[in-house]
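Quick notes on the structure that follows.
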Amino acid sequence: MANYEFRQLDIPRGTSRIDACRILTDHAEYGYWELDRLLLRGDGSRRVVLRRRIIRQVRTM
């Protein structure tokens with residue numbers, strides 16, 4: 001079973017779709033995060049949950 005770490009982002013309601021996409025793209029490219037959940041709230045803000053796999057190194061000696 002894969003182990004993941006999660007990060008939660010709150011994007012305010014005044015943020016355009018292009019800027020929100022740019023924020024998520026930067027996290028994906030440079031931090032190796034992937035989208036887990038996206039919640040669009042009634043007031044226009046977004047709650048984003050990102051995840052990335054935890055890679056454990058196995059000691060060989």
Inspect the surroundings of [atom1] in [X] and state if more than 12 heavy atoms from other residues, nucleotides or ligands are less than 6.0 Å away.
X: I54; atom1: CD1; value: yes
X: R17; atom1: CZ; value: no
X: Y4; atom1: OH; value: yes

| query | Is R47 paired with D10 through a side-chain N to carboxylate O contact shorter than 4.0 Å? | reply | yes

| Partners of Q57 by side-chain contact (heavy atoms from CB on, under 4.5 Å), sequence neighbours excluded? | none

Calculate, to the nearest 0.5 Å, the distance between atoms [atom1] and [atom2] belonging to [X] and [Y] respectively.
X: L50; Y: R37; atom1: CG; atom2: CZ; value: 11.5 Å
X: I11; Y: L40; atom1: CD1; atom2: CG; value: 10.5 Å
X: R7; Y: R52; atom1: CZ; atom2: CZ; value: 6.5 Å

| said: When you group the ILVMFWY residues by side-chain heavy-atom contacts below 4.5 Å and let the links chain together, are L35 and W33 in the same group? | reply: yes

| Could you go step by step and tell me if V48 and H27 meet the side-chain contact (heavy atoms from CB on, under 4.5 Å) rule? | CA-CA 12 Å; V48 180; H27 280 285; over 6 Å; no

| field | Geometric cation-pi criterion R51 and F6, 6.0 Å radius, 45° cone | value | no

| request: Write down the atom of R46, the atom of S16, and the distance for their closest heavy-atom approach. | output: NH1-O, 4.4 Å

| message | In the structure I gave you, are the side-chain heavy atoms of I55 and N3 within less than 4.5 Å of one another anywhere? | response | no

